[in-house]
Amino acid sequence: MENKIKRIDRKLEFQGTILDFYTDYMQMPDGKVVKWDFISHRKGAAAVVPVMDDGKILMVHQYRNALERMTVEIPAGARDNAHENTKICAARELEEETGYKSDDLEFLISLKPTVAYDNEFIDIYVAKNLKPGTQHLDTYEFIELEAIELDELCERIYAGRIQDGKTVAAIMAYKNKYGK
């Protein structure tokens with residue numbers, strides 16, 4: 001099927017640290033021109049499902065300004081640059097946020113969390129055989145850790161207590177793949 005919608009112009013509205021905000025001028029099939037928002041995520045990201053030896057998943061609690069509350073999430077972060085291997089990024093974020101390392105990272109899924117208006121992608125890995133390392137939190141990053149049973153995480157998701165998209169997708173994909 002031929003795409004009958006075409007971008008005729010893109011205007012940079014704001015340039016941030018990892019996000020650029022644009023107004024796109026789009027020509028519709030009937031010839032009318034409309035404005036759409038577009039957010040360019042310049043780096044991409046990686047996340048990790050850290051599985052403890054007892055099968056529990058190590059989760060991070062952190063404050064999210066957009067929601068004005070604490071959230072429960074899997075460890076994640078932006079790549080250092082647009083060419084960094086996401087597996088390297090996932091391993092780094094695991095240690096930075098949790099203080100654990102793993103040489104046993106397996107690719108799980110890749111997400112595009114908000115396709116309606118941005119191009120961000122997140123590659124998600126599973127980390128097993130966790131070994132103590134050193135936590136390296138970013139400035140003004142305050143994280144608490146909690147190891148949670150997989151079934152409990154699923155219950156929290158279905159109850160609406162865990163709503164972060166990457167975390168929901170990762171936990172459900174992990175449960176589906178490993179059936180634990």
Side-chain angles (χ1 to χ4, degrees), residues 17-19 41-114 118-180:
T17 306
I18 59 171
L19 301 174
H41 191 289
R42 292 192 304 271
K43 296 180 182 182
V48 61
V49 178
V51 182
M52 306 295 287
D53 288 343
D54 64 3
K56 291 181 180 178
I57 309 298
L58 189 58
M59 304 295 288
V60 297
H61 292 257
Q62 58 188 327
Y63 183 80
R64 292 301 193 182
N65 187 50
L67 301 178
E68 299 180 330
R69 65 177 171 86
M70 295 293 286
T71 62
V72 176
E73 303 175 34
I74 58 173
R79 297 187 299 172
D80 281 347
N81 61 65
H83 304 290
E84 181 182 30
N85 182 306
T86 56
K87 188 173 186 178
I88 292 169
C89 178
R92 181 184 65 249
E93 291 297 327
L94 173 66
E95 186 172 11
E96 283 181 6
E97 294 189 1
T98 70
Y100 284 90
K101 296 181 189 183
S102 174
D103 292 327
D104 186 4
L105 268 77
E106 177 187 340
F107 177 79
L108 181 63
I109 57 173
S110 187
L111 305 175
K112 292 195 179 279
T114 48
D118 89 28
N119 65 349
E120 180 184 19
F121 75 90
I122 305 171
D123 285 346
I124 301 176
Y125 294 82
V126 173
K128 295 182 180 177
N129 301 310
L130 302 180
K131 305 291 183 233
T134 305
Q135 193 177 40
H136 304 281
L137 297 177
D138 293 335
T139 305
Y140 303 113
E141 187 173 43
F142 302 95
I143 289 177
E144 295 176 16
L145 302 176
E146 181 182 10
I148 305 172
E149 295 281 349
L150 182 58
D151 287 342
E152 170 66 18
L153 288 171
C154 292
E155 288 174 21
R156 291 184 191 189
I157 288 168
Y158 291 127
R161 293 174 39 216
I162 295 176
Q163 298 176 323
D164 173 60
K166 74 180 176 309
T167 299
V168 171
I171 296 302
M172 292 305 175
Y174 177 80
K175 182 169 179 72
N176 185 60
K177 183 170 184 176
Y178 295 97
K180 295 180 182 178

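Judged by distance alone, with hydrogens and angles left aside, the side-chain atoms of Glu84 form a donor-acceptor pair with the main-chain N or O of Asp80 at under 3.5 Å. Although no hydrogens or angles enter the test, the distance criterion places no donor-acceptor pair under 3.5 Å between the side chain of Arg42 and the main chain of Asn81. For Thr71 (side chain) and Gln62 (main-chain N/O), a donor-acceptor pair under 3.5 Å exists by modelled atom type.
The NE2 atom of His83 sits 13.0 Å away from the CG atom of Asn85 when rounded to the nearest 0.5 Å. Thr98 contributes atom OG1, which lies 10.0 Å from atom CD of Glu93 (distance to the nearest 0.5 angstrom). Note that CZ of Arg69 and CD of Gln163 are 5.0 Å apart. Values are rounded to the nearest 0.5 Å. Atom NZ in Lys101 sits 14.5 Å away from atom CG in Asn129 (nearest 0.5 Å). Here the NZ-CG distance, from Lys128 to Asp103, works out to 15.0 Å after rounding to the nearest 0.5 Å. One distance of note links CD1 of Ile122 with CD1 of Ile74; it measures 8.0 Å at 0.5 Å rounding.
Leu58 and Pro75 make their closest contact through O-CD, 4.0 Å (heavy atoms, listed as atom of the first residue, atom of the second, distance). In this structure, Ala169 and Ile109 approach most closely via the heavy-atom pair O-CD1, 3.8 Å. Residues Tyr125 and Ala90 come closest through the heavy atom pair CD1-CB, 3.6 Å. Across all non-hydrogen atoms, the minimal contact from Tyr63 to Met70 is N-SD, 3.4 Å. Taking every heavy atom of both residues into account, Glu97 and Ala76 meet most closely at OE2-O, 2.8 Å. Between Thr167 and Glu73, the shortest heavy-atom distance links the atoms OG1-CA, 3.3 Å.
Between Glu95 and Ser102 there is no side-chain heavy-atom pair separated by less than 4.5 Å. Residues Leu145 and Val60 have side chains in contact (heavy-atom distance under 4.5 Å, counting atoms from C-beta outward). Side-chain atoms of His41 and Leu19, non-hydrogen and from C-beta on, do get closer than 4.5 Å to each other.
Salt bridge status for Arg64 with Asp164: absent, with no side-chain N to carboxylate O gap under 4.0 Å. By the 4.0 Å N-to-carboxylate-O rule, Glu106 lies close enough to Lys177 to be salt-bridged with it. Between Glu146 and Arg156 there is a salt bridge, since at least one side-chain N of the basic residue sits less than 4.0 Å from a carboxylate O of the acidic one.
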**OP:** Begin with the C-alpha distance, continue with both residues' side-chain angles, and end with the deciding distance and a verdict on side-chain contact (heavy atoms from CB on, under 4.5 Å) for Leu150 and Tyr178.
**Re:** CA-CA 11 Å; Leu150 182 58; Tyr178 295 97; over 6 Å; no
Subject >> Derivation of the side-chain contact (heavy atoms from CB on, under 4.5 Å) call for Leu111 and Lys166 >> reply: CA-CA 7 Å; Leu111 305 175; Lys166 74 180 176 309; 3.9 Å; yes
Original post:
Run the side-chain contact (heavy atoms from CB on, under 4.5 Å) check on Ile57 and Val51 step by step: do they pass?
Top reply: CA-CA 5 Å; Ile57 309 298; Val51 182; 3.8 Å; yes
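Looking at Asp123 and Ser110, their side chains do bring a donor and an acceptor atom within 3.5 Å of each other.
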